[in-house]
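Chain A is the first sequence line, chain B the second, and so forth, proteins listed ahead of strands; every chain is numbered from 1.
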Protein chains: 2
Amino acid sequence: MDQFNETHTAKILKEHGVKPSYQRMKIYNYLMTKKNHPVVDTIYNALVSEIPTLSKTTVYNTLNIFKEKNLIQTVTIEDNELRYDANITKHGHFKCVKCNSVTDFKINIDNLTESDNIKNFDIQTYNINYTGVCDRCQKN
Amino acid sequence: MDQFNETHTAKILKEHGVKPSYQRMKIYNYLMTKKNHPVVDTIYNALVSEIPTLSKTTVYNTLNIFKEKNLIQTVTIEDNELRYDANITKHGHFKCVKCNSVTDFKINIDNLTESDNIKNFDIQTYNINYTGVCDRCQKN
DNA sequence: GTATCTGCAAAACATTTGCAATTCT
DNA sequence: AGAATTGCAAATGTTTTGCAGATAC
């Protein structure tokens, strides 16, 4: 990790009340740069070569802290597959059933009309997930 | 289960290529009549008093068969909490953070405008989940 | 009587917890 | 040194699998 990123990442973590340890910075940096909505195993396997002593417990603990402090959000598109996303803006997720990639997309839910039975409900969060075939896989 | 339901449920299962055993009919009937988006444990606990020999394995196996045959769908609103829904029409789910109830709502995604990066993607399924406070809980 | 279905027990996974060792300041 | 963090090992919780006995046609 170059000096700029280390400083930049440390700053973001501190702003959210998370002490920037080496492991935490590596994990946050991984999420920020890869944008690949990884599962825990993917993160662990990607970083263990660089940090040979890394344990999965630390990955779990770190991700839980990040989520608590609103540094990241979790994404569940497919059952029993918890993914992590450093993009905390509101957006949808598209998972391609052929290549398994997850693509972010922007949405405007203001145009969405729900049925009357929930018209007085106070909506606090939403998750919009699509599955299908991405454009790259349609050509293959 | 009265004779009408037994006959009716058996018919639906057969139409989907599932042999209507006693346990399968009870589980499908539970989902159809309760419409409560239960987790496996809820189904098991509700039925074990009526079917003392019931095992959780059978509940799991049965739900997996139902899903394979498109008799039901799974719903994941909150991480690591897999719920089952006999309503296989396309609809959204609202989970109240106070009373934990899940409410179905109708939605028309044609009004949703997604960003251009997925405009050529072939969307096959979608899941729309909200969390918030339902109208009943707002009054309490 | 042969196929299928059920349900126990064990296995397989994913995640959390307890705690001792390590690291940072 | 003192406080926080890490990571091993064990515990927990959920879902799947192997298989023997029960059930259905």
Write down the distance between CG (B:Asn45) and P (D:dT14), rounded to a whole number of angstrom. 11 Å

Parallel, tilted or perpendicular: rings of B:His37 and B:His93 (30°, 60°): perpendicular

C:dA14 pairs with, by Watson-Crick or G-U criteria that keep both distances under 3.5 Å: D:dT12

Expressed as a whole number of angstroms, how long is the span from B:Tyr44:OH to D:dT15:C1'? 15 Å

Locate the shortest heavy-atom distance separating A:Ile118 from B:Asp104; write the atom from each residue and the value. CG2-O, 4.5 Å

C:dT15 P sits how many Å from A:Asn80 CG, rounded? 9 Å

Round to the nearest Å and state the distance from A:Leu82 atom CG to D:dG13 atom C1'. 15 Å

Taking the six-membered ring of A:Tyr84, is NZ or CZ of A:Lys67 closer than 6.0 Å to its centre and within 45° of its axis? no

Could you tell me which nucleotide pairs with C:dG7 by Watson-Crick or G-U wobble geometry, both distances under 3.5 Å, or answer none if nothing does? D:dC19

Could you give the CD1-to-C1' distance, from A:Ile27 to D:dT5, as a whole number of Å? 12 Å

Rounded to the nearest Å, what distance is computed from the CG atom of residue A:Leu63 to the P atom of nucleotide C:dT16? 10 Å

Ion pair present between B:Lys26 and B:Glu50, side-chain N to carboxylate O less than 4.0 angstrom? yes

In plain terms, say whether B:Glu81 and B:Lys95 are close enough for a salt bridge, that is, a side-chain N and a carboxylate O under 4.0 Å apart. yes

Between A:Tyr60 and C:dT15, is there a side-chain N or O to OP1/OP2 distance below 4.0 Å? yes

Nearest-Å distance for atom pair CD1/C1', residues A:Ile43 and D:dG7: 17 Å

Quick tally for nucleotides 4-10 of chain C: nucleotides whose base has a protein heavy atom under 4.0 Å get B, sugar-phosphate-only ones S, the rest -, giving SSSBBB-

Provide, to the nearest angstrom, the distance between the CG atom belonging to A:Asn64 and the P atom belonging to D:dG7. 16 Å

Do the side-chain N and O atoms of A:Asn29 and A:His8 include a donor-acceptor pair separated by under 3.5 angstrom? no

Looking at B:Lys56 and B:Asp41, does any basic side-chain N land under 4.0 Å from a carboxylate oxygen? yes

